[in-house]
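Positions are given from 1 along the sequence. Atom set for the values below is all heavy atoms of this structure, side chains included, hydrogens, waters and symmetry mates excluded. Here the structure is a predicted model, which means the values were calculated and not measured.
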Amino acid sequence: MAEDSVGAFVPGPRTERAGAAEGPLAGLTFAVKDLYDTAGDVTGYGNPDWARTHAPATRDAAVVAALLGAGARLVGKTKTVELAYGLTGENVWHGTPVNPGAPDRFPGGSSCGSAAAVAAGLCDIAMGSDTGGSVRIPASYCGVFGIRPSWGAVSLVGACPLGPTFDTAGWFAARASVLRRAGDVLLPPGGDAPLGPLLKVKEAWVNAEPATAACLSNGQGLEAAEKVLGPALTISIAPEGLDAFYENFRCAQAEEAWTSLGPWVEATDPAFGPGVKERFAAAKAMDPAKAAAGRAFRRIVQARLHALLGGGAVLVYPTSPSPAPRLTATQAEQNAVRERTMGVTAIAGLAGLPEVSLPVARIAGAPVGLSLVAGPGRDRALLALAEKVAAAAGLPG
C-alpha cells in the first residue's frame, strides 16, 4: 500500500479490499470518499460526532460494489469536508489534504481527499460526490480529470446525502482513458452518440480571472477542444447573470441540506469547523419563499439548457474562475471565491448535466481545469470526447 504522503486518507487503519479476480478494471486501484459505505466500517462523513452517532455499515455502497466487481482494488477511504458542505477542502478534525498540484493552496472540497489521492498517484480512480462542485473544483485545483455525471445516472445507494436532487456520484482519474473506463462500469448503457458543435459560454469566460481565461484559451485548452469539434460558437446562456445562478442554487440546495441533515444536527449539536457551522445555520434559517424561487428558477434553467444541448451540443468554459485559494486566505476571501465559483458550477448543477474537467493548464504554478458539458444522459459520449480533447492537448491518455 502506497504511503499517504499528502494526508488524503482518513486517519487510522486503511480500509483495503481485493476486487474480483477478473474484470474491466482489473489491475487498477481505487479509493472512496468517506461518505460512501464500506461494509464493516463506520462512515465518518468528515465529522467525529457523525462517526460517534452512526453504526458500522452492513453492506458496501453501490459504487463500491460495482468497482470491486469490475476487478479494481480498494485501497482506502478519503477525507471529506464535514458533511460535504464546503468547497476549499479544509477539515479541522482530520487535517486538510495537501494539494499535490500546488502545496501552498487548498485542494478543493468537499471531495478533497479523493482528488489529492489521485493527484499524488496513490490510486488510479477515486470516488467523490458532487452537489455544488465538489468533484469539478478539486479536479481543477489539483490538476486531475474529474466528472460530475448526469443527475441520477450513478447510484447513490449507500452514500450520505446533502442535497438529494443535486447530489451526484462523481470520480477522479489522472488519465482520461481511466476516467472513461470507470464510467463504462458505473454508468447506465446508452448516451454514446457523437457530440457537437462546441459552444463557448460567454458569462463563464467573463467570470474567470483574466489570467485564467487567457491561459485556458491557448493550445492546451479551448484550442484543443476546437481541434476535435471545430471552432466554438460564443453564446450567452445566463441573461439573468451568474450571480442569479449562484443565489438560486444556494437557496434551493440549502433547504435540501437542512431537510436531509438538520434533524441530526438538532439532535446531536455537533462540533463543526470554521464555515460549516455557519452554512448549516444559514440553511436552517433559509426563507421558504427564497427556496421556492430557487426551485422555480431551476426549472427555467433546465428547460433552457436541455433544449440547447438536446441535439448534442457541448458547452466549454473554465471549470473554476481561478486557481485554488492559498492556504493563507481569510474566511472572507474563501467565501468570495466560493460565490464566484458556484455561479459557474451551478450551470450543470441546476440543470443536472454531466460535466468533465480536464487539467489543461497551470497559472503561476497552480492547476486550472477546462470543462466540457453535455446534455443529460450523454455521459459516455462526453467521456469519449474528453479523451479525444485530452489527446489533442497532449495530456495523459
Side-chain angles (χ1 to χ4, degrees), residues 4-15 31-38 41-54 76-120 122-123 126-142 144 146 159-162 167 170 172 257 261 264-265 268-281 283 324-331 333-335 337-338 341:
D4 184 5
S5 57
V6 296
F9 295 97
V10 294
R14 268 202 248 166
T15 296
V32 294
K33 183 178 183 177
D34 192 27
L35 58 67
Y36 292 103
D37 288 344
T38 53
D41 301 316
V42 173
T43 301
Y45 211 2
N47 180 274
D49 287 316
W50 182 276
R52 176 179 58 81
T53 55
H54 288 79
K77 300 190 78 171
T78 55
K79 294 176 183 177
T80 175
V81 170
E82 296 172 73
L83 278 57
Y85 214 177
L87 271 186
T88 60
E90 186 176 14
N91 188 306
V92 297
W93 311 111
H94 296 159
T96 302
V98 173
N99 178 345
D104 62 333
R105 298 174 183 263
F106 283 105
S110 60
S111 306
C112 48
S114 292
V118 167
L122 303 179
C123 58
M127 291 301 306
S129 66
D130 191 308
T131 302
S134 290
V135 166
R136 293 164 286 169
I137 298 309
S140 181
Y141 285 178
C142 291
V144 296
C160 300
L162 177 60
D167 294 346
F172 303 90
L261 299 170
W264 176 81
V265 172
T268 308
D269 189 24
F272 282 134
V276 181
K277 178 180 180 180
E278 290 77 7
R279 279 190 282 279
F280 275 106
R326 296 186 185 277
L327 296 172
T328 53
T330 65
Q331 192 66 52
E333 290 169 338
Q334 293 175 40
N335 289 339
V337 171
R338 173 186 173 88
T341 300

Can you give me the closest heavy-atom contact between Pro138 and Gly133, atom names plus distance?
CD-O, 3.6 Å
Once rounded to the nearest 0.5 Å, what's the spacing between atom CZ of Arg279 and atom CG of Asn335?
7.0 Å
What is the ring orientation for Phe280 with Tyr85, classed by angle as parallel under 30°, tilted 30 to 60°, or perpendicular over 60°?
perpendicular
Shortest non-hydrogen pair, Pro107 vs Thr96, comes out as CD-CG2, 3.8 Å
Can you confirm whether Leu35 sits close enough to Leu162 that some side-chain heavy atom of one is under 4.5 Å from a side-chain heavy atom of the other?
no
Checking the side chain of Asn99 only, and the main-chain atoms of Gly108 only, is there a donor and an acceptor separated by less than 3.5 Å?
no
To the nearest 0.5 Å, what is the distance between CG (Asp4) and NZ (Lys79)?
7.0 Å
Minimum-distance pair of heavy atoms, taken over all atoms of Thr78 and Ala117
CG2-CB, 4.3 Å
Asp49 side chain to Ala271 backbone, donor-acceptor under 3.5 Å:
yes
Would Cys142 and Phe172 count as a side chain to side chain contact (heavy atoms under 4.5 Å, CB included) here? Give the steps.
CA-CA 10 Å; Cys142 291; Phe172 303 90; over 6 Å; no
Given side chains that start at C-beta, do those of Val92 and Pro274 come closer than 4.5 Å, heavy atoms only?
yes
Candidate list Ser114, Ser134, Ser111, test side chain to side chain donor-acceptor pair (under 3.5 Å), partner Lys33, passing option:
Ser111
Just wondering, do Trp93 and Pro11 contact through their side chains at under 4.5 Å, heavy atoms?
no
Go through it in stages, so that I can follow the logic: the residues are Asp34 and Thr80, the test is side-chain hydrogen bond (donor to acceptor under 3.5 Å, both in side chains), and I'd like the CA-CA distance, side-chain angles, deciding distance and then a yes or no.
CA-CA 6 Å; Asp34 192 27; Thr80 175; over 6 Å; no
Can you name the nearest heavy-atom pair linking Val6 to Pro100, along with the distance?
CG1-CG, 4.0 Å
Taking the side chain as every heavy atom from C-beta outward, state whether Cys123 and Val118 have any atom pair closer than 4.5 Å.
yes
Flag side-chain contact, heavy atom, 4.5 Å: Leu261 against Trp50:
yes
Please check if the side chain of Thr268 supplies one atom and the backbone of Val265 the other of a donor-acceptor pair under 3.5 Å.
no
Pairwise side-chain contact, Leu83 with Cys160, heavy-atom cut-off 4.5 Å (strictly under)
no
Hey, does the side chain of Thr15 reach the backbone of Gly76 with a donor-acceptor pair shorter than 3.5 angstrom?
no
Between Tyr36 and Ser129, is a side chain to side chain contact (heavy atoms under 4.5 Å, CB included) present by the stated rule, with each step listed?
CA-CA 9 Å; Tyr36 292 103; Ser129 66; 4.0 Å; yes
Can you list the steps and then say if Gln331 with Glu278 is a side chain to side chain contact (heavy atoms under 4.5 Å, CB included)?
CA-CA 11 Å; Gln331 192 66 52; Glu278 290 77 7; over 6 Å; no
Any side-chain heavy atom of Val337 sitting closer than 4.5 Å to one from Phe106?
no
d(Lys77 NZ, Asp41 CG) to nearest 0.5 Å is 5.5 Å
Apply side chain to side chain contact (heavy atoms under 4.5 Å, CB included) to Val276 and Glu82, showing your working.
CA-CA 7 Å; Val276 181; Glu82 296 172 73; 4.0 Å; yes
Mind checking salt bridge (Lys or Arg N to Asp or Glu O under 4.0 Å) for Asp130 and listing every partner two or more places apart, or none if nothing turns up?
Arg136, Arg148
